[in-house]
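Only a predicted model underlies this, so the values are computations on that prediction, with no experimental measurement involved.
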Amino acid sequence: QNVIFHKATFTDNNGAVHGIIGVILNITALKQSEAKLNDTLALLDASIESTENGILIVHNDGKIVKVNNRFVEMWSVPKELLTNRDYKEIFNHIYSRVSNPKETDETVYQINSNPKSSSYGILYLNDGRIFERLTKPMLVEGILQGKVWTYHDITERKRIEKNLRISEEKYHQLFDQMMDGFALHEIILNNEGKPIDYLILEVNKSYEQITGLKADDIIGKNVREVLPNIEPIWIEKYGKVALDGTPNHFQQFSADLNKTFEVSVFSPVKGRFATIIKDITERKKAEKEIKMLANAMKSINECVSITDMNDQIIFVNESFLKTYGYTEVEIIGKNASILHSPNTPQKIVERILPSTLSGRWDGELLNVKKDGSEFPIYLSTTTIHDKDANVIALIGVSADISERKKAEELLRKSEERYRTLVVNVGEGIVYVNPNEVFEYANPVAEAIFGAKKGDLMGRSLKEFISEDQFETIRKYT
């Protein structure tokens, strides 16, 4: 037990002591309350110190009741200001560190003029940081005792918000300016979890132009409302992507729109799917025309290949397959670059496409067969046009010139041997054209005619011999 003992003596009128009076007070409950209060204050103080927020508590008399270390750190408060514990000095220090002191001053004035009000504000510091401020009244049993100022550093949050805003602006720019149609949808399932429809959430301008459907008319509607005769295959393919998240790429005809589309579809989140579409209606028509042309070229002896505008091979004839060693399944759809040899000069490769688009290109280059062997070809390329004169494909006709190259090499070696013989023979040898003009003379002949090396070329034989000698030569040649 905790007690307080008071004692006193009592006397008579003459001052004689007659006894002692003692009073004992039990203060156990009071001590327990004090201990609980101290525990509560300690817990409150620990909470204030452990928070990431800077906290300033000011009494009604203007004296600072509490400042946590985070506040001191955030505002770099000098020690002398903490010693004086005058809130005005603290706020003067704050004003000196913010780039919007007027707003801060007006806020303080408003708070002081209405003490029981709460207030919120944003402070921009000179060093680039941004603080969020919250001011609340400190009430005890409804009676105002002071104010609590809380500051939170939101610099990083603001930076993220700014970057997010920039990112969203870039996304919307890309969204609106991309050439392909883009749309976001949400799949609709029946009670059995089977896709039966989908909701149109968002479309870009290119989607409107490609499909002819206006955003205002379709956003927020189910596709079966917009396209009543939509083929089930669309919903089936989209539903699979929306539910299992596996992207897909396909080509599909739409009877409602009377167009063929190339579609790339992916799921950003389960239950939703995004589509990127291209109108390939004209391309499909062109492919039919190309196939007709290709069929006519199957029996041609030269190698014939047709590529689309992305340089993907869409047709080759039998001679091509035989020469390169591929099957049709292996080569169709591949990029034509798999046929190119790295030993072909890059300048030649770079000239082929622009020259073809300008009309045609002809020349020699090295190609590679399926087995990796390299061989020379002579290639002629030109363009295929649709009825509107638009280029829809490129056609190349080539011939294996390996045998010709071998023959040319043999001829070159033969000529080299002949030239070596002529140059080194001990007799003078000349070649004179029908106009009696020198076109060749070996060193011995030049010496015989008294000419320097190369001086005989282009000169008449008559300059060096008499008329009689000339007639004799003419007679026997």
Side-chain angles (χ1 to χ4, degrees), residues 29-168:
L30 179 61
K31 286 293 185 180
Q32 289 174 344
S33 296
E34 285 181 354
K36 288 182 180 178
L37 179 60
N38 288 334
D39 289 344
T40 301
L41 290 174
L43 181 62
L44 178 62
D45 190 65
S47 298
I48 291 174
E49 287 298 337
S50 63
T51 181
E52 282 295 313
N53 298 327
I55 296 176
L56 170 68
I57 302 174
V58 181
H59 194 269
N60 284 338
D61 61 8
K63 291 298 181 182
I64 296 172
V65 177
K66 175 68 179 177
V67 177
N68 71 350
N69 290 328
R70 179 61 177 151
F71 179 90
V72 175
E73 177 187 309
M74 290 172 70
W75 290 105
S76 301
V77 181
K79 288 183 179 179
E80 58 269 21
L81 297 187
L82 297 175
T83 303
N84 297 338
R85 307 192 74 79
D86 185 340
Y87 91 99
K88 290 182 179 178
E89 292 181 357
I90 292 287
F91 278 104
N92 285 334
H93 175 73
I94 290 175
Y95 295 160
S96 70
R97 299 182 69 83
V98 298
S99 60
N100 54 336
K102 183 178 179 182
E103 185 274 344
T104 305
D105 191 43
E106 290 175 352
T107 300
V108 173
Y109 173 78
Q110 291 169 4
I111 292 171
N112 290 337
S113 62
N114 188 6
K116 288 190 176 183
S117 67
S118 296
S119 175
Y120 174 84
I122 300 291
L123 303 178
Y124 297 91
L125 278 67
N126 296 326
D127 61 10
R129 290 179 296 163
I130 305 173
F131 290 170
E132 186 177 53
R133 176 195 55 76
L134 179 63
T135 306
K136 285 191 172 185
M138 182 173 63
L139 302 173
V140 178
E141 295 182 354
I143 299 174
L144 181 68
Q145 298 295 320
K147 288 280 186 180
V148 179
W149 304 72
T150 304
Y151 296 89
H152 181 60
D153 189 340
I154 59 171
T155 308
E156 183 63 15
R157 190 184 83 195
K158 287 292 184 181
R159 184 190 67 79
I160 293 173
E161 288 175 356
K162 180 181 178 181
N163 290 340
L164 179 61
R165 185 172 62 254
I166 293 172
S167 177
E168 287 177 346

Residues two or more places apart in sequence or in another chain: which of them pass side chain to side chain donor-acceptor pair (under 3.5 Å) with Glu156?
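Per chain and number, Glu156 pairs via side chain to side chain donor-acceptor pair (under 3.5 Å) with Arg159.
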How close do [X] and [Y] get, heavy atom to heavy atom, and via which atoms?
X     : Y      : value
Arg70 : Asp153 : NH2-CB, 4.1 Å
His93 : Pro78  : CE1-CD, 3.8 Å
Met74 : Glu52  : SD-O, 4.5 Å

So how far is it from [X] [atom1] to [Y] [atom2], rounded to the nearest 0.5 Å?
X      : Y      : atom1 : atom2 : result
Ser99  : Arg129 : OG    : CZ    : 12.0 Å
Leu123 : His152 : CG    : NE2   : 13.0 Å
Ile160 : Ile154 : CD1   : CD1   : 11.5 Å
Met138 : Lys66  : CE    : NZ    : 13.0 Å
Thr150 : Leu134 : OG1   : CG    : 5.5 Å

Identify every side-chain donor-acceptor pair in residues 55-65 under 3.5 Å, counting partners at least two apart or on other chains, and give the distances.
from  : atom 1 : to     : atom 2 : distance (Å)
His59 : ND1    : Asp61  : N      : 3.3
His59 : ND1    : Asp61  : OD1    : 3.4
Asn60 : OD1    : Gly146 : N      : 3.3
Asn60 : ND2    : Leu144 : O      : 2.7
Asp61 : OD1    : Lys63  : N      : 2.9

Is there a side-chain contact between Tyr151 and Ile94 (heavy atoms, below 4.5 Å)?
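Contact flag for Tyr151/Ile94 side chains = yes.
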Could you check if a side-chain atom of Val72 sits within less than 4.5 angstrom of a side-chain atom of Leu82, using non-hydrogen atoms only?
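A side-chain contact exists here, since the closest heavy-atom pair is under 4.5 Å.
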With distance as the sole test, does [X] use its side chain to make a donor-acceptor pair with the main-chain N or O of [Y] at under 3.5 Å?
X      : Y      : answer
Ser119 : Thr135 : no
Asn126 : Ser96  : yes
Thr155 : Ile130 : yes

Strictly under 6.0 Å, is that where the ring centroids of Phe131 and Trp75 end up?
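Ring-ring flag for Phe131/Trp75: true, centres closer than 6.0 Å.
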Apply the test side chain to side chain contact (heavy atoms under 4.5 Å, CB included) to residues Ile90 and Trp149: give CA-CA distance (whole Å), side-chain angles for both, the deciding distance (0.1 Å), then the verdict.
CA-CA 12 Å; Ile90 292 287; Trp149 304 72; over 6 Å; no
Taking only Lys NZ, Arg NE, NH1 and NH2, and the carboxylate oxygens of Asp or Glu, determine whether Asp86 and Lys88 approach each other closer than 4.0 Å.
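Result for this pair is no, no salt bridge flagged.
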Apply salt bridge (charged side-chain N to carboxylate O under 4.0 Å, His left out) to Arg97 and list each qualifying residue two or more places apart in sequence or on a separate chain.
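Checked Arg97 against salt bridge (charged side-chain N to carboxylate O under 4.0 Å, His left out); zero matches.
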